[in-house]
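Predicted model only: the values in this text are computed from it and were never measured.
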Amino acid sequence: LHDHYRNLLSRRQTQAAAPATEHTFLLEGWVRQKDYARLQKVVSRFPASGIDRMEISKDESIPVEIENKNFVRPFEVVTRLYGMPDAGNLDPTPFLMPFFAVFFGMCLADAGYGLVMVVAVALLIRKIQGDTKLIAMLGLCGAATIVVGALTGGWFGDAVQQFAPALGPLRGKMMWFDPFEKPMYFFGIAVGLGYFQIMTGLFVAFCHNIKQRDYASAVFNQLTWLVMLNSVVIFGASKGGFVPAHIGGIFGKVAIVPAVMILLFSERQGGWGGRLGMGFYNLFSSIFYLGDVLSYLRLMALGMVGAGLAMAINVIAGISLKIPYIGIVVMAVVLVGGHLFNLILAVLSAFVHTLRLQYVEFFPKFLIGGGRPFQPLTKEYKNIYIKTSELQQ
């Protein structure tokens with residue numbers, strides 16, 4: 001009854017806000033482009049009704065809706081938590097999806113935990129009614145966790161080495177490296193992926209500005225940074241012996257050109273004194289990119305901390321097995337309870353910190369938020385679920 005009367009109230013409130021005379025009324029609203037033909041068909045059923053497309057004024061606030069398909073759609077949860085993009089901007093969901101899944105997997109870095117997540121999601125998604133995007137997203141992140149965990153040799157911590165050494169050769173075939181033996185591998189991957197995501201954000205903004213024919217912003221706000229930062233990285237790599245010195249020297253000189261362009265043209269309004277001042281500040285802020293990249297080290301930290309706690313649980317379980325008579329029971333309780341506790345903490349930490357990387361490091365490189373969500377006039381049900389095809393039609 002609550003749902004029924006709330007829907008009636010919503011309809012009455014909309015009707016009351018519509019201009020009307022004794023015999024006519026006018027409804028004005030928004031509809032998705034793909035639904036316009038369908039709306040025309042519905043209205044045409046009534047001889048006394050008509051529909052006209054209105055011109056959008058320049059200062060009008062256009063509502064925003066995002067739609068994605070297949071594996072990208074569940075990650076709309078991340079975008080909607082942040083807020084809708086501006087009507088003139090683009091949907092960040094397709095760009096964040098692969099990064100979010102991989103980063104989440106790196107934070108857990110345990111194939112056993114990933115398997116538990118996938119199985120739990122498979123069971124829950126059949127039981128939960130309504131929106132299952134968050135559950136589906138966790139399932140995809142669980143699949144990524146399986147891959148990362150297998151590559152780093154994490155199966156409920158070191159459970160294979162402790163309790164099933166016969167599976168050691170199989171684990172070794174799937175494993176790329178052990179983070180505890182080669183932590184710098186993990187360090188390099190985390191930093192490298194972070195740098196790649198930041199460059200992706202700048203490149204997305206560059207392409208979007210080109211598409212919008214805002215060539216000045218594309219060149220002076222994105223292209224200059226892309227050229228300068230990558231040139232500086234190659235120059236630094238040459239100093240470390242990873243790149244030939246003569247190539248590094250060339251890119252060191254190349255970096256000067258975009259640096260001058262940032263100084264002169266990154267701020268393009270006002271007098272030259274203010275423009276140069278802001279240009280100098282913008283050029284100096286390049287140091288902040290280093291902080292952004294180092295922020296991705298949380299992926300390594302969380303992955304190794306979770307693995308370390310899982311190993312500690314296995315050690316305690318092994319000690320518990322030596323308890324007379326009830327050792328096997330205590331061991332089972334420690335393993336199940338300990339790993340479940342660690343899994344909950346790891347999932348929560350992975351979600352929060354991966355979310356932070358998208359919102360703080362990635363989105364500001366290309367996304368303009370503040371969009372008004374599209375809220376169509378529709379029936380809403382929070383206490384019951386309607387499955388009839390009549391409602392869907």
Applying side chain to side chain contact (heavy atoms under 4.5 Å, CB included), run through Arg6 and Glu380 and close with a yes or a no. CA-CA 8 Å; Arg6 188 181 65 245; Glu380 295 183 0; 4.1 Å; yes

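- Between Glu67 and Arg73, none of the side-chain N atoms (NZ, or NE/NH1/NH2) sits under 4.0 Å from a carboxylate O, so this pair counts as no salt bridge.
- Residues satisfying the ring-ring contact (aromatic ring centres under 6.0 Å, His included) criterion with Phe187, sequence neighbours excluded, are absent altogether.
- Annotation: Phe374, atom CZ; neighbour count of heavy atoms from other residues, nucleotides and ligands within 6.0 Å is above 12.
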Taking it one step at a time, do Met175 and Leu151 satisfy side chain to side chain contact (heavy atoms under 4.5 Å, CB included)? CA-CA 4 Å; Met175 187 171 64; Leu151 291 175; over 6 Å; no

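- Applying the under-4.5 Å side-chain rule to Ile, Leu, Val, Met, Phe, Trp and Tyr, the cluster around Val43 extends to Val31, Tyr36, Leu39, Ile51.
- Using a 4.5 Å cut-off on side-chain heavy atoms (C-beta onward), Ser295 and Val360 make no contact.
- Linking ILVMFWY side-chain heavy atoms closer than 4.5 Å, directly or via other members, places Leu96 and Leu140 in a single hydrophobic cluster.
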Please report the C-alpha distance between Met199 and Leu229 in whole Å, then the side-chain angles of each, then the deciding distance to 0.1 Å, and finally whether the side chain to side chain contact (heavy atoms under 4.5 Å, CB included) criterion is met. CA-CA 9 Å; Met199 291 299 104; Leu229 291 174; 3.6 Å; yes

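- Summarising the local packing, CZ of Phe351 is surrounded by more than 12 heavy atoms from other residues, nucleotides or ligands at distances under 6.0 Å.
- The side-chain contact (heavy atoms from CB on, under 4.5 Å) test applied to Asp59 returns Ser57, not counting sequence neighbours.
- Heavy atoms from other residues, nucleotides or ligands lying under 6.0 Å from CG of Leu123 number more than 12.
- Rounded to the nearest 0.5 Å, atoms OG1 (Thr152) and CE (Met174) are 10.5 Å apart.
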Walk me through whether Gln222 and Asn209 qualify under side-chain hydrogen bond (donor to acceptor under 3.5 Å, both in side chains). CA-CA 9 Å; Gln222 283 90 43; Asn209 284 329; 2.7 Å; yes

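- Ser217 and Arg268 get closest at one heavy-atom pair: OG-NH2, 3.4 Å.
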Using a 3.5 Å cut-off and no angle test, enumerate the donor-acceptor pairs between side-chain atoms of residues 325-340 and protein atoms at least two apart in sequence or in another chain.
{"unit_1": "His339", "atom_1": "ND1", "unit_2": "Tyr113", "atom_2": "OH", "d": "2.7"}
{"unit_1": "His339", "atom_1": "NE2", "unit_2": "Asn314", "atom_2": "OD1", "d": "2.8"}

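- With values rounded to the nearest 0.5 angstrom, Leu302 atom CG is found 11.0 Å from Leu297 atom CG.
- When side chains are defined from C-beta on, Leu90 does not count as touching Gln212, because their heavy atoms never get closer than 4.5 Å.
- Two different hydrophobic clusters hold Val148 and Val118 under the rule that ILVMFWY side chains link at heavy-atom gaps under 4.5 Å.
- Residues that satisfy the ring-ring contact (aromatic ring centres under 6.0 Å, His included) test with Tyr289, not counting sequence neighbours, are Trp225.
- Counting heavy atoms of neighbouring residues, nucleotides and ligands inside a 6.0 Å radius, atom OH of Tyr359 exceeds 12 of them.
- Listed by first and then second residue, the side-chain hydrogen bond (donor to acceptor under 3.5 Å, both in side chains) pairs that reach into residues 176-185 come to none, sequence neighbours excluded.
- Expressed to the nearest 0.5 Å, how far CG of Leu377 lies from CD of Gln15 amounts to 10.5 Å.
- Using the six-membered ring where Trp is involved, Phe104 and Phe100 have ring planes that are parallel, under 30° apart on the 30 and 60° scheme.
- Between the side chains of Asn68 and Glu76, at least one donor N or O sits under 3.5 Å from an acceptor N or O.
- Under a 4.0 Å N-O distance rule, the pair Arg80/Glu65 qualifies as a salt bridge.
- Atom CG in Leu138 sits 9.5 Å away from atom OG1 in Thr145 (nearest 0.5 Å).
- Dense packing is recorded around CG of Leu26, with more than 12 heavy atoms of other residues, nucleotides or ligands lying under 6.0 Å away.
- The CG atom of Leu263 lies 13.0 Å from the CD1 atom of Ile256; values are rounded to the nearest 0.5 Å.
- Taking CG of Leu108 as the reference point, atom CZ of Phe103 lies at 15.0 Å (rounded to 0.5 Å).
- Minimum interatomic distance between Pro92 and Leu367 (heavy atoms only, all atoms of both residues): CG-CD2, 4.0 Å.
- The environment of CD in Glu60 is crowded: more than 12 heavy-atom neighbours from other residues, nucleotides or ligands sit within 6.0 Å.
- Residue pairs satisfying the ring-ring contact (aromatic ring centres under 6.0 Å, His included) criterion with at least one member in residues 6-33, sequence neighbours excluded, are absent.
- With a 4.5 Å cut-off on side-chain heavy atoms, Ser10 and Tyr5 do not count as touching.
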Under the side chain to side chain contact (heavy atoms under 4.5 Å, CB included) criterion, do Thr200 and Phe99 qualify, and how do the steps go? CA-CA 10 Å; Thr200 300; Phe99 290 110; 3.7 Å; yes

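- Using a 4.5 Å heavy-atom cutoff, the side chains of Val227 and Val257 are not in contact.
- Residue Arg11 qualifies as open at atom CZ: its count of foreign heavy atoms under 6.0 Å is 12 or below.
- The cluster map of Ile, Leu, Val, Met, Phe, Trp and Tyr, joined by side-chain heavy atoms under 4.5 Å apart, puts Val191 and Met300 in the same cluster.
- In this structure the side chain of Val64 reaches within 4.5 angstrom of the side chain of Pro85, judged on heavy atoms.
- When the ring-ring contact (aromatic ring centres under 6.0 Å, His included) test is applied to Phe220, the partners found at least two apart in sequence or on another chain are Phe265.
- The two residues Thr354 and Cys107 make their nearest non-hydrogen contact at OG1-SG, 4.0 Å.
- Put simply, Ile344 and Val347 are part of two different groups of oily side chains (I, L, V, M, F, W, Y) that touch within less than 4.5 Å, one to the next.
- Glu28 places a side-chain heavy atom less than 4.5 Å from the side chain of Met54.
- Taking Phe366 as the reference, Phe362 meet the ring-ring contact (aromatic ring centres under 6.0 Å, His included) condition, with sequence neighbours excluded.
- Using modelled atom types and a 3.5 Å distance limit, the side chains of Tyr296 and Gln197 yield a donor-acceptor pair.
- When side chains are defined from C-beta on, Leu8 counts as touching His4, because their heavy atoms get closer than 4.5 Å.
- Residues Glu267 and Asn282 bring no donor and acceptor atom of their side chains to less than 3.5 Å of each other.
- Listed by first and then second residue, the ring-ring contact (aromatic ring centres under 6.0 Å, His included) pairs involving residues 243-262 amount to none (not counting sequence neighbours).
- Counting heavy atoms from C-beta on, the side chains of Met97 and Val78 never come closer than 4.5 Å.
- For residues 285-314, the salt bridge (Lys or Arg N to Asp or Glu O under 4.0 Å) pairs, not counting sequence neighbours, are Asp292-Lys365.
- Applying the side-chain hydrogen bond (donor to acceptor under 3.5 Å, both in side chains) test to residues at least two apart or on different chains, the pairs with a partner in residues 92-108 are Thr79-Thr93, Asp91-Thr93.
- Ile316 and Leu343 fall into different hydrophobic clusters, where Ile, Leu, Val, Met, Phe, Trp and Tyr residues are linked whenever their side-chain heavy atoms come under 4.5 Å apart, directly or through other members.
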